2 protein chains.
Amino acid sequence: MAMVDGDDLRRWRELGQQLRVDSVRASAAAESGHPTSSMSAADLMAVLLDKYFRYDFDNPRNPGNDHLIFSKGHASPLLYALYKAAGAISDEELLSFRRFGSRLEGHPTPRLPFVDVATGSLGQGLPVGVGVALAGAELDRLPYRVWVLCGDSELAEGSIWEAFQHAGFSKLRNLTAIIDVNRLGQRGETMLGWDTATYARRARAFGWHAIEIDGHDVAAVADAYAEAVATADEPVAIFARTVKGKGVKSVENVNGAHGKPLDDPTAAIAELGGERNLVITPGKPRASGEAHGFEVEPSPPDLPTWPVGEKVATRKAYGEALAALGASRADVVALDGEVSNSTYAELFAKAHPRRYFEMYIAEQQMIAAAVGMQVRGWRPFASTFAAFLTRAHDFIRMAAVSRASIRLMGSHAGISIGEDGPSQMGLEDLAMLRAVHGSTVLYPCDANQTADLVARMADLDGVSYLRTTRGGTAVVYEPGREFPVGGSVVLRSSPQDQVTIVSAGITLHEALAAAERLDGEGLHVRVIDCYSVKPIDAATLRQAATETGRVLTVEDHWPQGGLGDAVLEVFADAAPAPLLLKLAVPDLPGSGTPQELLHQAGLDADGIATTARRLAEAKAGNGAGPGPEAR
Amino acid sequence: MAMVDGDDLRRWRELGQQLRVDSVRASAAAESGHPTSSMSAADLMAVLLDKYFRYDFDNPRNPGNDHLIFSKGHASPLLYALYKAAGAISDEELLSFRRFGSRLEGHPTPRLPFVDVATGSLGQGLPVGVGVALAGAELDRLPYRVWVLCGDSELAEGSIWEAFQHAGFSKLRNLTAIIDVNRLGQRGETMLGWDTATYARRARAFGWHAIEIDGHDVAAVADAYAEAVATADEPVAIFARTVKGKGVKSVENVNGAHGKPLDDPTAAIAELGGERNLVITPGKPRASGEAHGFEVEPSPPDLPTWPVGEKVATRKAYGEALAALGASRADVVALDGEVSNSTYAELFAKAHPRRYFEMYIAEQQMIAAAVGMQVRGWRPFASTFAAFLTRAHDFIRMAAVSRASIRLMGSHAGISIGEDGPSQMGLEDLAMLRAVHGSTVLYPCDANQTADLVARMADLDGVSYLRTTRGGTAVVYEPGREFPVGGSVVLRSSPQDQVTIVSAGITLHEALAAAERLDGEGLHVRVIDCYSVKPIDAATLRQAATETGRVLTVEDHWPQGGLGDAVLEVFADAAPAPLLLKLAVPDLPGSGTPQELLHQAGLDADGIATTARRLAEAKAGNGAGPGPEAR
């Protein structure tokens, strides 16, 4: 039982009403927003802010601060009302909610320094909270707590159960999920309604300590938090039965009142007892010290090298380089989705076991954990097959909205994986990662280049992506060569060049072989290694186009959204515009050897040479190659 | 208890060994594959094929057939060994496993008529099975059963728990999940190892009947299936404790033996008792009749119409058109992810409640259910916010590998949703859907166009996508006008045109306003409504480019992978190539009114007019506009 007195109870009730009033006011001023979803959780948050949340609002960067994540991001009016109650934002700013230019966006984003991550795509806050809690327990080793406010509707998202599963498995006692079971989703009742017993049974089956309470009984809420803080060895889920729209009869437990301001805010505020201006200073962080750091001799990374000509898979170079990077940088951590023996993340795991996180086959939780760890300043690298990063697309998208810096590696890209077939072939990863705001997309062709790019990724902001290949590719570059982001390498060039082939990764090797063959036929071909797909080296590409007039892009990817489209964009306003052809995977592949599949797709040296010859002979506008937009 | 005798037990054990031997042989012939993951489940599948699976291998299209889905698709050698045992494929074909051109791909695909859907991306087979089971219970109303073989590793995927949740909620008694708990994933032990009790507790908490057995005790396996068939009102999960590599000591329960052929297949086959050639004819389907059909007067759909000039949201037109389509076609069904009052799928739900499926906030399960329903010939339309379709990207990708025909609608696309902020803005949906093999991507600008396209989608093969807008847009087109897929509409044109603006959706209206304004200034601008983004109307675009020389694309989407890139591709080998500029969302938006956000992004009439003027004056190659590849 929490030690509380009558003053506490009165203050919490008052604060809860203030949070409701301010949620109603903010939504009314914005003429949009989710007041009813805020009102159901107001008492839960009032008690938390006043008694259990430890946070230094004067210093949001204090490493000892607790973390509060609104997984139900649409309850942003409540979050902002909390910040006002904590004195962190003014009443004037509160009323700027959802206005153009305001930090108080429709759903929370880190434009406010107290917000760790953007939420609003449901089912993401809890998995991210697992990441922050993992950082607290395993990396920072600080006693901060992670509090996540969830909606009951979002418990339908599988990602929530990935979080329940991982937190239970990892015994994250520093994590508390507060579930606002208000029964009503946007459209109607949830599957379970107010059946908190079933929710609790599920949570327990996933290794959590579960508590059921009336979420409007502030004494019960305080008891639940006290129990959460006292629980050793298990994360805690508090299933709080609440009433959507609580406090204003016209919207209480009423379907159809989701996501809109109240019809009569003045009357609602009066019904709630009017405006209040309680200011609450939350408790100070439990620890005042710095976060734990790993003992590493800071130095430039001693990256692995390979002799030119050796055949090495770039995925293996990734693992070796990452392990080397970890030896020189204490802030690098790695995560993998149960394929570390394929992505070679296992090399990092062996070298730096305390900084490695096995996330099992749960890609959404893997990305969310990476986002959570970077909240605390760690530099995560997360890896799986390129194909399976699509599983976490919404999390990658939201990482960009969170201004998160995470590094992704997708292995087994393209049809060149061969026998495993299309389910395992990443053929849309470049399109997906290019269309992430602020992203960097890299695609190395050899091991030395891979190692250099891995080291550079550690310092990149935003979402960065490294695409690697399953099979061994010959080392092209001398060890120690530098590959700046945004650069490219002209690998073959002569004044007689009639065609420029732009490629990267595995098909670059096929392009080089094609160029060699064409050279023997008297057709001179320039070859550019466009390892930095985004940003792209526009200057080099423009120069080549000017000098050769014809450009052929070659990639082991669908025709849409990949390297070819990135190159096309460079020439959109160029003149004279080059004739350009894209070679990409034209049709759904099956199984076969890598060479059989590359040949079938026209992406081997044979196919590239054939298309290059056709392009060299083509007159502009005559349909030199495959029609636009292969289907 | 199942009624079995000694002959049954002996035959099942023999058949199990045969399936193991054939798994070993197929993988040895292919020099790759997953024999150990096949051997653990061999006894489970032997008993199923011999006694419980009802399937007419002579007629895979028999509507009464049971369905068997290998959610653990990497156990494909076992599946193909089963088909051989059923006499459905020859031993010769079995040994073509993973060969170029073989129907026996590395992971199952519907190139084999007995395979409903492609698997191999883990965690998808069970959610698809839920879709087939929903079809059986609610649409076909046939007594077929859906059997899904799952791995234990894939239980880490959240999508599996979406399936557990939805099947439990829907009381899908026709669904049986057989979980091959062999303890070992690709890289090592699962989180729960052989703790089937915890798995069973989880399943029960989600409303399933759970059974724990020794998966190599064929009598226990038979009892479990008998219990499954006899269970009323609940789906059944059989957690079978098994040994990976069972039957060959050198790989039994050994870590590191995943996904590779056995070192000594000859010795292994001997240890398993040698080759066998049992042929099993499974039981005939429980029902011989046709599937249930809904009573509908077949007729051309009586689509809703709107007068020119009326402001209507295209999302609303979607709902109205879909409801009308459902009234004329009995095979159209609809699913939505708990936002049917925003996508207006609720209009279909009200008109055709028996053909509407509320999938709650579980986008992966929603797409999987659509895929499952189309297995049985239904024509599903699935809707949610465009942004949240990213949650199901891997399922959409795999739907294409499954040759599935599903129709998707993404509402609230782009920054023009306004106040809700970036978490709710679909800004990558065109890129994602264009890069799906065989996809169709449509983006209407008004209600009449939307209605026509919705009706056309019902007849499209593959994955098709309709992008809609939150706010009302003025009706541009007369009712009844036709909008063929692959077409476009030239909305403004004159012989004096100096610039062509290509747009679609909400920004088309801004483009028209800009053109009107520019016309007053003496700058004549052609405007093309490119409502069919994929396939795109290359001929019309090329003609416009030839006649105007300058092209400006405008879209409410990130610069990568959307309409602009689709248009660029058209001109890759055109001559003279037009000067082309892409206008798209340049930076991460916040909240604001739709007009404020469009203005900030340069996508309103002001911004479009400004860029069009610059483009009209620009000399080629002078960098007329934003640099390539906005970051």
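Lettering of chains follows the sequences in order, A, B, ..., and the numbering in each one begins at 1. Only a predicted model underlies this, so the values are computations on that prediction, with no experimental measurement involved.
- Using a 30° and 60° split on the angle between ring planes, B:Phe169 and B:Tyr360 fall in the perpendicular class, above 60°.
- Between the side chain of B:His107 and the backbone N or O of A:Asp420 there is at least one donor-acceptor pair closer than 3.5 Å.
- A donor-acceptor pair under 3.5 Å links the side-chain atoms of B:Arg542 to the main chain of B:Val570, judged by distance alone.
- Only the backbone of B:Leu155 comes within contact range of chain A, with at least one heavy atom under 4.5 Å from a heavy atom of that chain.
- Between chain A and the residues B:Glu428, B:Arg201, B:Glu162, B:Arg202, the largest count of heavy-atom pairs under 4.5 Å involves B:Arg202.
- For B:Lys534 and B:Thr440, the side-chain atoms include no donor-acceptor pair closer than 3.5 Å.
- Using a 3.5 Å distance cut-off with no hydrogens or angles, the side chains of A:His437 and B:Asp587 do pair a donor with an acceptor.
- Heavy atoms closer than 4.5 Å to chain B are found nowhere in A:Arg103, neither backbone nor side chain.
- With respect to the salt-bridge test (charged N to carboxylate O, under 4.0 angstrom), the residues B:Arg434 and A:Asp565 qualify.
- Here the side chains of A:Thr390 and A:Asp429 are not in contact, with every heavy-atom distance at 4.5 Å or above.
- Of the listed residues B:Gly185, B:Ser32, B:Ala30, the one with more heavy-atom pairs under 4.5 angstrom with chain A than any other is B:Gly185.
- The greatest number of non-hydrogen atom pairs below 4.5 Å with chain B, out of A:Gly256, A:Ala431, A:Ser153, is found for A:Ser153.
- The two residues B:Trp161 and B:Ala203 come nearest to each other via the heavy atoms CZ3-N, 4.4 Å.
- The choice from B:Leu427, B:Leu389, B:Val401, B:Val436 that makes the most heavy-atom pairs within less than 4.5 Å of chain A is B:Val401.
- B:Ser439 places a side-chain N or O within donor-acceptor distance of the main-chain N or O of B:Leu433, the cut-off being under 3.5 Å.
- The choice from B:Pro422, B:Pro589, B:Ala205, B:Ser402 that makes the most heavy-atom pairs within less than 4.5 Å of chain A is B:Ala205.
- If you measure heavy-atom distances from A:Ser102 to chain B, you find no contacts under 4.5 Å at all.
- For a residue to count as touching a neighbouring chain, one of its non-hydrogen atoms must lie under 4.5 Å from one of that chain's; by this rule A:Glu338 touches chain B with backbone and side chain alike.
- The backbone N or O of A:Pro559 sits less than 3.5 Å from a side-chain atom of A:Lys582, completing a donor-acceptor pair.
- Between chain B and the residues A:Arg391, A:Glu419, A:Arg99, A:His557, the largest count of heavy-atom pairs under 4.5 Å involves A:Arg391.
- Between chain A and the residues B:Ala362, B:Ser121, B:Gly421, the most heavy-atom pairs under 4.5 angstrom are made by B:Ser121.
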A:Gln424/A:Phe388 under side chain to side chain contact (heavy atoms under 4.5 Å, CB included): CA gap, chis, key distance, verdict: CA-CA 8 Å; A:Gln424 320 291 302; A:Phe388 305 141; 3.5 Å; yes

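- Of the two parts of A:Glu189, only the backbone, made up of N, CA, C and O, holds a non-hydrogen atom closer than 4.5 Å to a non-hydrogen atom of chain B.
- You'll find the side chain of A:Thr190 reaches within 4.5 Å of the side chain of A:Tyr199, heavy atoms only.
- Between chain B and the options A:Met432, A:His34, A:Arg397, the largest number of non-hydrogen pairs under 4.5 Å is found for A:Arg397.
- Of the listed residues (B:Gly207, B:Gly73, B:Gly158, B:Ala156), the greatest number of heavy-atom pairs within a distance under 4.5 Å of chain A belongs to B:Ala156.
- Using a 4.5 Å cut-off between heavy atoms, B:Phe97 makes no contact with chain A at all.
- Looking at B:Ala387, both its backbone and its side chain come within 4.5 Å of chain A, counting heavy atoms on both sides.
- In this structure, chain A has no heavy atom under 4.5 Å from any part of B:Arg204.
- Considering all non-hydrogen atoms of both residues, A:Asp394 and A:Gln124 come closest at OD2-NE2, 3.1 Å.
- Note: A:Leu568 leads A:Thr593, A:Val567, A:Leu568 in heavy-atom pairs under 4.5 Å with chain B.
- Contact of A:Gln600 with chain B is made through the side chain alone, with heavy-atom distances under 4.5 Å.
- With a 4.5 angstrom heavy-atom cutoff, B:Ser76 does not touch chain A via any of its atoms.
- Salt-bridge annotation for A:Arg98 and A:Glu105: absent, with no side-chain N of the basic residue lying under 4.0 Å from a carboxylate O of the acidic one.
- Annotation: maximal heavy-atom pairing with chain B below 4.5 Å, among A:Val339, A:Thr109, A:Ile396, A:Leu597, occurs at A:Val339.
- Residue contact with chain A, scored on non-hydrogen atoms closer than 4.5 Å, involves the backbone of B:Ala400 exclusively.
- B:Glu31 CD: 12 or fewer foreign heavy atoms inside a 6.0 Å radius.
- For A:Phe206, the parts lying near chain B are the backbone and the side chain together; criterion is any non-hydrogen pair under 4.5 Å.
- In this structure, chain B has no heavy atom under 4.5 Å from any part of A:Ala118.
- For the pair B:Arg187 and A:Asp336, the salt-bridge criterion is not met [side-chain N within less than 4.0 Å of a carboxylate O].
- In terms of heavy-atom pairs under 4.5 angstrom with chain B, the leader among A:Gly561, A:Gly592, A:Ser591, A:Gly562 is A:Ser591.
- For B:Ser342, the parts sitting under 4.5 Å from any heavy atom of chain A are the backbone and the side chain alike.
- Looking at B:Glu346, neither its backbone nor its side chain comes within 4.5 Å of chain A, counting heavy atoms on both sides.
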